[in-house]
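All values derive from a computational prediction rather than experimental measurement. Within every chain, numbering begins at 1; the chains are lettered A, B, ... in the order of the sequence lines, protein sequences first and strands thereafter.
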Protein chains: 2
Amino acid sequence: MPAPALGYTAGDLQGNPTAGMKGKATSFDIAYRAGVSQSTVSRALSGSPLVNAQTRQRIERIARELNYKVDKNASNLRSQQSGTLALLFFEDPTPDESHINPFFLSMLGSITRACARHGYDLLVSFQQFSDDWHADYEDSRKADGLILLGYGDYMPYCSKLEKLVAQGTHFVRWGPVLPDQPGISIGCDNHDGGKAMGAHLVAQGRRRIAFLGTITPDCPEFLARYRGHAEALAAAGLSAPAALQVDAISTEEAGYAAACTLLARRQPFDAIFAASDLIAMGAMQALADHGLRVPEDVAVTGFDDIPMARFAQPPLTTVLQDTQRAGELLVETLLRLIRNEPAESRLLPARLVIRRSCGAGGSPSARQGARAASARSPAHPGKTPRRRAPARSPSAPRPRTR
Amino acid sequence: MPAPALGYTAGDLQGNPTAGMKGKATSFDIAYRAGVSQSTVSRALSGSPLVNAQTRQRIERIARELNYKVDKNASNLRSQQSGTLALLFFEDPTPDESHINPFFLSMLGSITRACARHGYDLLVSFQQFSDDWHADYEDSRKADGLILLGYGDYMPYCSKLEKLVAQGTHFVRWGPVLPDQPGISIGCDNHDGGKAMGAHLVAQGRRRIAFLGTITPDCPEFLARYRGHAEALAAAGLSAPAALQVDAISTEEAGYAAACTLLARRQPFDAIFAASDLIAMGAMQALADHGLRVPEDVAVTGFDDIPMARFAQPPLTTVLQDTQRAGELLVETLLRLIRNEPAESRLLPARLVIRRSCGAGGSPSARQGARAASARSPAHPGKTPRRRAPARSPSAPRPRTR
DNA sequence: CTGAAAGCGCTTACAG
DNA sequence: CTGAAAGCGCTTACAG
């Protein structure tokens, strides 16, 4: 019996396209039906220019008919790359079953999309700091590189980053860009954002501005926001007294507690700059529970512009971190690293988003009117809708005396 | 020169543990150093009981020293499974760069954790309905099974599910459990949740209850909520008039628009049951813009209990879908499918979460008092905090006349 | 308990 | 433009 012509044995491949096919089709099945070698099938399907156009079409048609998909495990093994990026979340403050920080969730969305655009898959994993995460993904060839996301204690984190660098792992990290940072980071210009917010509150006539958020070196992002803020105050001849700063991690609970602590200190204040929106939401809750009005009694602002910031009552003035852009940049940078192209750390601009919680936008009297009107008229509708306060309305500083 | 003893050539492996190692270590490297065969290394590291305890320890130590990790591509290729699940999101209504529904984000969190608990990786992908998603992941052996998540037009979706079933793909889907559903679904008991909410609003004394949310068969989940609601009304001798129902997909924008449409119809109503929290948040915004108070003029309730529901002003009464449990069940069920164990569709109980937006909890007079007090006293703190309204306080029905 | 060997399904020099 | 061959790094019968 003569040896088969093209390196495969006919086996049970005769007959109609799918009859007799056990399990998934392989490139040999396609080759047999197309009357070419398996190499040619591989080339045709991977878009190699070395294939005759007609042959390619025939192969593609057959592949479609057989519902053939290249086996990623085999192709990855052979080509020594995975076509996959791994996203590692760190949730140090909330290792329990609680909800994930919505800001990171937004990042997740944009990273996922960016990966898809670049033809990469995304492996997602939630990590504890104790985990031996630094090695797993790239070493086991599940991913070509890592994206690191999450607040967290800075020092232990840093030493893990060094290990990653030493191992030659490809990674980018979302976080503050610091001088002696191991590896590459993409972050938001926290200092600038904090400064803009401080200046804005001052322009609104606020004079005694509290800051809620941990400002130890463990929390370099909050620290940078605080420093920018303090700089803006100083520029206006104001100070950021220690009595008006309370530590808080980025949760509503911490924000609530921090605001209560602040209130218990009995120091007058007319504004709260919270280091994150979550903290701000908790603080607003606490203020409401103490019978204080936002922004009439206390202006409250946050940082991040998470989706629910718009839906706070009143809508929360905050600093937008452009997660869309961040996700794209993170993925792009990581891909450059993987391809051994030059790549560098980057700071994304922070943008002030002015809503009503800072006292800008809809004036108090308009609010007052609305309230009075609504008291008169229970739910029968048809009134002309009040214009929604535009997100970025210019706002005259309201002078305040304490 | 004698042939090497154990099937590998010494190569550049002499010297200290890592010197001379090009790239990652392989099981052959470990075998060489441990003085055993590569097979034994593989067995030891995969936890086979067929390995001498001492040998195993030696191998494990060396593997640690060399920072060795099993190559997933190779092991997956060989064992024909990936140890990975794929999570496919469908975002039909919002194909743009906008934010993802926070409810699904919560699910993502719980699914990720459930996967980790079971030792699986999670591949995440956002899909358009047009995509040929039904085949890709499992066929290319990137995942052992799929988790399908997302609202969406029901009919086209359904035919894709049939295709998946025909192909023998392992998948579970989050969504309504319907009689002639292809494949396995895990969902929330939307009917029951809607009924509970309807009954609750009636018990609060509300009589003309609007429903915001699309109730065509395209949206079987909203439809089920609506039907449960209507059933509760009927049980109380009330009706759910068509004039008080407005279609809306699950976004704040749609909720805002739907509430405006409702108001423009000039039909009296004293409550809005929104088919989702996002719709409810938008509706509350619209009501506020029309000078209507929640809950004094209109009670508003939602569905999902997304994180920001607690932070609405007033906090939103809603129906909790237990995403923690759902994620776990989704993963567990899929794993059973993959292992060819019996598995079945399941309905998770819905739980009413009572906050202030429905008129229960903190009484109007208390609110009034708080407001008056706050008007008197600008931000100097130290007052006794008002008790936060307990999440599930028993509430006497407040009679209402229109 | 251990080793020698086959083979998972590809990609990619190498040779024409 | 195409084919024959090697080999990616494992797992797993098979034989002792």
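Note: CG (A/D71) to P (C/dT11) measures 9 Å, nearest angstrom. One atom, CZ of B/F28, and another, C1' of C/dA5, lie 10 Å apart when rounded to the nearest Å. In this structure, the CD atom of B/Q80 is 18 Å from the P atom of D/dG9, given to the nearest Å. For the pair B/R43 CZ and D/dA15 P, the interatomic distance rounds to 14 Å; values are reported in whole Å. The distance between atom NZ of B/K69 and atom P of D/dC8, rounded to the nearest whole Å, is 21 Å. Atom P of nucleotide C/dC10 and atom NZ of A/K72 are separated by 11 Å, given to the nearest angstrom. With rounding to whole Å, A/Q38 atom CD is found 11 Å from C/dT12 atom C1'. The separation between A/N76 atom CG and C/dC8 atom P is 18 Å, rounded to whole Å.
Side chain of A/H170 to backbone of A/D144: a donor-acceptor contact under 3.5 angstrom is found. The backbone N or O of A/T323 sits less than 3.5 Å from a side-chain atom of A/S110, completing a donor-acceptor pair. With B/R336 contributing its side chain and B/E341 its backbone, the two residues share no donor-acceptor pair below 3.5 Å. A donor-acceptor contact shorter than 3.5 Å links the side chain of B/T84 to the backbone of B/S82.
Residues B/S27 and B/Q38 bring a donor and an acceptor atom of their side chains to less than 3.5 Å of each other. No side-chain N or O of B/S42 forms a donor-acceptor pair with one of B/S39 less than 3.5 Å apart.
At a threshold of 4.5 Å between non-hydrogen side-chain atoms, the residues A/I147 and A/L334 count as touching.
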> So what does the secondary structure string of DNA chain C come out as, 5' to 3', with Watson-Crick or wobble pairs under 3.5 angstrom, [ ] for crossing and | for pairs with another strand?
Replying inline: |||.||||||||.|||

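Atom P of C/dC1 sits at a distance of 24 Å from the matching atom of C/dA5, rounded to the whole Å. C/dG9 and C/dA13 have their P atoms separated by 23 Å, given to the nearest Å.
The existence of a salt bridge linking A/R113 and A/E328 is excluded, since no basic side-chain nitrogen approaches an acidic carboxylate oxygen closer than 4.0 Å. Between B/E65 and B/R61 there is a salt bridge, since at least one side-chain N of the basic residue sits less than 4.0 Å from a carboxylate O of the acidic one.
Of the residues near DNA chain C, B/T40 and B/L77, the one whose nearest nucleotide (by heavy atom distance) lies more toward the 5' end is B/T40.
Minimum atom distance to the side chain of B/V51 is reached by C/dT2, of the listed C/dC10, C/dT2, D/dC10. Each of C/dT12, C/dG3, D/dT11 was ranked by its minimum atom distance to the side chain of A/S39; first place goes to C/dT12. Of the listed nucleotides (D/dC10, C/dC8, D/dG3), D/dC10 has the atom at the smallest distance from the side chain of B/A74. Considering only side-chain atoms of B/S37, the nucleotide from C/dG3, D/dC8, D/dT12 that sits closest is C/dG3.
For C/dC8, neither phosphate oxygen OP1 nor OP2 lies less than 4.0 angstrom from any side-chain nitrogen or oxygen of B/Q81. Contact check, A/S27 against C/dG9: no side-chain N or O comes under 4.0 Å of OP1 or OP2. The side chain of B/S42 places no N or O atom within less than 4.0 Å of a non-bridging phosphate oxygen (OP1 or OP2) of D/dC10.
Applying a 4.0 Å cut-off to non-hydrogen atoms, the residues of residues 54-61 of chain A that approach DNA chain D are A/T55, listed by residue number.
Each of A/V331, A/I184, A/L335, A/L148 was checked for a side-chain contact (heavy atoms from CB on, under 4.5 Å) with A/V172, and the lone residue meeting it is A/I184.
A donor-acceptor contact under 3.5 Å is not formed by the side chain of A/R78 with the base of D/dG9.
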